[in-house]
Amino acid sequence: MAPVVTGVAPNQGSTAGGTPVTISGSGFTGATAVKVGAALASGMTVVSSTQITAITPPGTGTANVTVSGVGGTSTQTVPFTYVAAAAPVISALTPNQGPVAGGTAVTVTGSGFTGVTVVRFGVTAATFTFVSATQINATAPAGASGPVLVTVTTPGGVSNPMPYCYTTTSVGSLPVVTGVAPNQGPVAGGTAVTVTGTGFTGATLVRFGAVTATFTFVSATEITATAPAGSGTVEVTVTTPAGTSPALGLGSFTYLNVPTVTGLTPAQGPTSGGNLVTVAGSGFTYATDVRFGAAPASFSVVSDTYVVAAAPAGAGTVTVTVASAGGTSSPGAAYTYL
């Protein structure tokens, strides 16, 4: 007698294949193959006469899932839908620290975990259990003291990295910086910055690179600080009695020079606007605003020294300025409406 298929869970997955599915039905004893459409699934395991697990092959659209055995092939319509795969996203690790000996049970939360094939702590693969598209339970492998980046791999790609710290101190004590907002500001300092992460209780010091910043403790996961004067890109670190947060590249802050405008080509145009103007100067890489007088203009950054802007409508002679997180150019350059 041919197998009977009554369901497949999940009933959709990546077009790249690799989605673990559980097929329910009856007559599965002695099953020899599982197909999604005309493509053969891999990793088929007959769990019982009513359940089979398998890994979907690549495909597109919606295809019927069938099971073949000595009695024939199932004829029921049980669809599986292929969807375009996106890389998984990790939003949190709980806990995000553990002993160098490993063995810590870590809950990985996020999205897009269906079909997970590897969870890595640094370069080391961890044992894990897939719970749902938004949760994985992993066991931290042994590691050297210090931070590593945890990633999840699915058929859709590799996730964003999330820091995990191996430490000889008690779990939850070492501070970790996971974000800085905003992450740019003028070289003169003074930018109000929100530092996010974990383990900030008892914070004694916040540094932008090697320079100490004034700060206010908000909670174990948030500190507000005022960026001191500086240059280039620096790492923001937090120090508590347990130690200093590791430099993971997730808390970088970039100092920007005030843009300068040295010339316009052309330096005049019609009052109706719309003509393209090349603005020459410096500090344009992170430009956020170009204005002709008080009127904002649409623009494209060509390089750190050139911006091309579409002149807005206007009249008379106005000053063209370029602004970034580093400040606004002054005095700018004159543009005349004809």
Side-chain angles (χ1 to χ4, degrees), residues 1-91 93 105-121 123-141 150-160 162:
M1 187 172 181
V4 174
V5 176
T6 58
V8 57
N11 62 0
Q12 62 179 25
S14 168
T15 55
T19 303
V21 294
T22 299
I23 304 162
S24 54
S26 60
F28 292 163
T29 301
T32 56
V34 171
K35 288 184 177 180
V36 182
L40 187 66
S42 62
M44 185 192 78
T45 300
V46 178
V47 180
S48 68
S49 63
T50 61
Q51 186 177 103
I52 290 175
T53 60
I55 307 296
T56 62
T60 58
T62 299
N64 196 40
V65 177
T66 59
V67 174
S68 298
V70 293
T73 299
S74 62
T75 58
Q76 296 73 34
T77 301
V78 178
F80 180 87
T81 301
Y82 286 100
V83 295
V89 175
I90 300 177
S91 58
L93 303 177
V106 178
T107 299
V108 185
T109 54
S111 61
F113 293 164
T114 300
V116 55
T117 54
V118 180
V119 176
R120 294 187 186 276
F121 283 62
V123 297
T124 307
T127 58
F128 68 92
T129 301
F130 172 81
V131 178
S132 69
T134 60
Q135 182 178 328
I136 295 170
N137 291 339
T139 301
V150 176
T151 57
V152 171
T153 302
T154 71
V158 180
S159 72
N160 59 300
M162 188 64 68

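Values below: all heavy atoms of this structure, side chains included; hydrogens, waters and symmetry mates excluded. Nothing here was measured: the structure is a model prediction, and the numbers come from that model.
In summary, of the residues considered (T127, T153, I136), a side chain to side chain contact (heavy atoms under 4.5 Å, CB included) with V119 occurs for I136 alone.
By the side chain to side chain contact (heavy atoms under 4.5 Å, CB included) test, T6 is found to be paired with V4, S24, residues two or more places apart in sequence or in another chain being considered. Taking the side chain to side chain contact (heavy atoms under 4.5 Å, CB included) definition, one finds that S159 meets it with P88, I90, T151, V152, sequence neighbours left out. Contacts of N160 classified as side chain to side chain donor-acceptor pair (under 3.5 Å), with partners at least two apart in sequence or in another chain: none. Applying the side chain to side chain contact (heavy atoms under 4.5 Å, CB included) test to T62 and every residue at least two apart in sequence or in another chain returns P79, T81. Partners of S132 by side chain to side chain donor-acceptor pair (under 3.5 Å), not counting sequence neighbours, listed by chain and number: T134.
The two residues Q76 and V5 come nearest to each other via the heavy atoms OE1-N, 3.1 Å. Residues L93 and M162 approach most closely at CG-CG, 3.7 Å, considering heavy atoms. The minimum heavy-atom distance between V116 and F128, with the atom names listed, is CG1-CE1, 3.5 Å. Contact between A87 and V158 at its shortest, heavy atoms only, is CB-O, 3.8 Å. Closest heavy-atom contact between N137 and Q135: OD1-NE2, 3.1 Å.
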For residues 105-114, which side-chain N or O atoms pair as donor and acceptor with protein atoms under 3.5 Å away, sequence neighbours left out?
residue: T109; atom: OG1; partner: A92; partner atom: O; Å: 3.4

Which pairs of donor and acceptor atoms, one on a side chain in residues 50-57, lie under 3.5 Å apart (sequence neighbours left out)?
residue: T50; atom: OG1; partner: S48; partner atom: OG; Å: 3.2
residue: T56; atom: OG1; partner: T19; partner atom: N; Å: 3.1

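Counting only residues at least two apart or in different chains, ring-ring contact (aromatic ring centres under 6.0 Å, His included) contacts with residues 29-57 are absent. Contacts classified as ring-ring contact (aromatic ring centres under 6.0 Å, His included) and involving residues 58-84 (residues at least two apart or in different chains) are given here: F80-Y82. Pairs of residues two or more places apart, or lying in two chains, that qualify as side-chain hydrogen bond (donor to acceptor under 3.5 Å, both in side chains) and include a residue from residues 64-73 are S68-T73. Evaluation of the ring-ring contact (aromatic ring centres under 6.0 Å, His included) test over residues 11-48, restricted to residues two or more places apart or in two chains, returns none.
Of the possible polar contacts, one joining the S74 side chain to the V67 backbone as a donor-acceptor pair under 3.5 Å is found.
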